[in-house]
Amino acid sequence: MARLVIVSNRVTVGGKKGQAPGGLATALKDVLTPETIWFGWSGKRGETSGRLTRSNADGAEIIAMDLAEKDFTRFYVGFANRTLWPLLHYRPGLLSFDRSDYEGYLTVNNQFADALMSFLRPDDIVWVHDYHFIPLAACLRQRNFTGRIGFYLHIPFVPPALFSVLPPGRALLSALCEYDHVGFQTETDVRHFRACVMEILRYSISKEGVIFGPHRPCISNAIPVGIDTEAFSAMAAEAEHQEEAERLRDSMGGKALILGVDRLDYSKGLPQRFTGYGRLLEKYPEHRQHVGFLQVAPRSRDDVKEYRDVKRQLDQLVGQINGQHADFDWVPLRYITRDMPRSMLAGFHRVARVGLVTPLRDGMNLVAKEFVAAQNPADPGVLVLSRFAGAAAELQDALLINPFDPDEIAEALHAALTMPLAERQARWRRMYEIVHRNSASAWSQACIQAVLGNRHMDVQPSSRYYWQRDQQAGKRR
Ligand code: ADP
Ligand code: F6P
């Protein structure tokens, strides 16, 4: 029987080793079966790359590879997170490029291909995740693997004018076309990818979106990633009555909780968000003493300078906002930079009156979907969401804002805090239905069908409906 072999940089190991807060681990954790192999980095940095360890976790076999410190630095810190990440998040000003980092990136992709070839069977389906492994299909084809290979990009894709800034852009674009299927979060990302393929590579693309280059035909489309909604809802309902959520509620003393949960990443728009909250307290003084903002932002990618810079900026801003607005009995902004168990966060989402999710650009943003899933149907909170998060294409009933405008954030917060119950319920109900239908399992099934080349994807018609709606909205724009 064909096995599914998932490849990603982080692997879930029961919440340990290579796992860190992040959308990818969240999405994949919910789609594992005993027949699945999940291959990735072990989380260990040592003298040499290549040592493999095998274990079982979350119902799948995990095969994890150590990386040499030098390889890890050039591959992950350098090319993946100082070149590709800023570029694909529309931040060319933060991009730095070094040829030796790119060589390190190719080295690790080749090491991964060698390791994969040691256990792959010819009929395995390989499903590769994220910008760390764009060249992996090409590496596997060079080693004569002929089975189906799919790729899913969890982050955005930029238009040709931006993509062409990338020195090895042509090579990477051509490498993407060596996959049988390339999946994106939104129709916008797909449009940008196809435009790059046509303008930069001059490959032709059929009406159905099949790319005809020098390799096998490559299908590209948008399949938005989801969460295990029912499980998350149930977890939130239970966690609400556990000690931490109770303590959080008690500490609010009846004040409305505004909650932000993000990795501490410059793409998440945290400085603008904090400023927007400060603006709320200035423009709408009636909320002073009646709200509290809790931002949970676990430190991320500390090896990368730009992440340390944003952390410093946030530390200062928190001091400024609290210095300006706090009173002897009220701290307006609480800020935590460590990981928390997912169940505890689920309980916090349920306690919150407002979920504040304001990335400057984001592939999907699963936190937005988790906030919706966690709400109490009888008294749901309001989601304030950036129009530049992938989730905005599906969650049109959130209060959509431009995250670059702190005044707009303040106005949306005011609208959310004063929204009548009936409107909160109506908005929440429509969003919950979508988050429920476009679940992690609908997403993975649709992706795997697409990798297999099945045009008529075996997913619930309702999920297809939302993608079509997004597609039609894209045509109208
Ligand atoms: P990204 O992949 O860019 O980090 P997403 O919003 O798509 O963004 O996914 C983030 C995931 O990480 C969510 O599942 C969220 O619950 C989890 N997460 C975020 N903050 C924390 C935290 N402090 N502790 C544990 N998990 C977190
Ligand atoms: O969702 C984007 C992503 O880069 C994932 O691939 C990753 O697991 C997550 O963010 C967290 O980032 P990192 O693995 O660099 O800590």
Side-chain angles (χ1 to χ4, degrees), residues 6-12 15 17-30 38 40-41 43 67 72 75-82 84-86 88-89 128-134 151-156 184-185 224-229 231-232 235-236 239 244 259-270 294-304 306-307 335-349 355-374 383 385-386 388-392 395 435 440 443:
I6 295 173
V7 184
S8 65
N9 183 44
R10 301 274 185 187
V11 289
T12 184
K17 281 203 219 160
Q19 199 192 5
L24 187 144
T26 301
L28 287 177
K29 198 170 85 41
D30 294 327
W38 190 348
W41 172 47
L67 285 178
F72 174 84
F75 155 75
Y76 174 85
V77 180
F79 192 71
N81 285 319
R82 296 199 72 193
L84 287 178
W85 181 272
L88 293 177
H89 284 85
V128 179
H129 292 263
D130 242 349
Y131 56 104
H132 313 87
F133 295 113
I134 291 173
F151 179 82
Y152 192 86
L153 186 68
H154 290 256
I155 66 175
F184 295 92
Q185 301 278 22
V225 68
I227 58 170
D228 184 347
T229 311
F232 200 84
M235 186 157 71
E244 292 83 5
L259 179 67
V261 175
D262 312 74
R263 274 184 312 105
L264 208 166
D265 193 305
Y266 54 77
S267 66
K268 304 292 182 185
L270 294 169
L294 171 63
Q295 176 65 53
V296 183
R299 296 174 74 149
S300 175
R301 304 177 191 164
D302 269 345
D303 294 325
V304 182
E306 291 72 19
Y307 286 73
Y335 165 61
I336 302 173
T337 59
R338 60 169 189 277
D339 293 359
M340 289 187 174
R342 205 157 168 248
S343 60
M344 197 195 294
L345 290 171
F348 289 4
H349 282 304
L356 191 51
V357 182
T358 59
L360 305 179
R361 200 50 83 160
D362 216 331
M364 171 52 63
N365 202 297
L366 289 179
V367 169
K369 294 188 172 183
E370 289 171 351
F371 177 79
V372 171
L383 177 64
L385 177 64
S386 162
F388 305 126
L395 303 181
V435 172
W443 165 74

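Just so you know, ligand 1 is whichever comes first in the structure, and atom 1 is the first atom listed for that ligand. Treat the numbers as computed from the prediction; the structure is a model and nothing was measured.
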Separation between CZ of Arg299 and OH of Tyr307, rounded to the nearest 0.5 Å: 13.5 Å
I'd like to know if His129 contacts ligand 2, where contact means a heavy-atom distance under 4.0 Å to any ligand atom. no
Does Arg263 have a heavy atom less than 4.0 Å from any atom of ligand 1? yes
Where ligand 2 meets Trp85 - atom numbers and elements under 4.0 angstrom, heavy-atom basis: 2 (C), 4 (O)
What atoms of ligand 2 come within less than 4.0 Å of a heavy atom belonging to Tyr131? 4 (O)
Below 3.5 Å, N or O to N or O, backbone or side chain included: is there any such pair between Pro298 and ligand 1? no
Where do Phe133 and Phe75 land on the ring-ring contact (aromatic ring centres under 6.0 Å, His included) test, with the steps shown first? CA-CA 10 Å; Phe133 295 113; Phe75 155 75; 5.7 Å; yes
Give the atoms of ligand 2, by number and element, whose distance to some non-hydrogen atom of Tyr76 is under 4.0 Å. 13 (P), 15 (O), 16 (O)
Output yes when the distance from some N or O of ligand 1 to some N or O of Trp85 is under 3.5 Å, and no in every other case. no
Return the option from His154, Glu370, Lys268 holding the heavy atom at the smallest distance from atom 8 (O) of ligand 1. Lys268
Shortest heavy-atom approach to atom 12 (O) of ligand 2 - which of Arg10, Gln185, Arg301, Arg263: Arg301
Report yes or no: does Asn9 have a heavy atom closer than 4.0 Å to ligand 2? no
Against heavy atoms of His132, which atoms of ligand 2 measure under 4.0 Å? 6 (O)
Can you spot which of His89, Lys268, Gln185 makes a side-chain hydrogen bond (donor to acceptor under 3.5 Å, both in side chains) with Asp362? Lys268
Do Val261 and ligand 1 have an N or O pair less than 3.5 Å apart? no
Should one rank Leu345, Val357, Val296, Asp339 by closest heavy-atom distance to atom 21 (C) of ligand 1, which comes out on top? Leu345
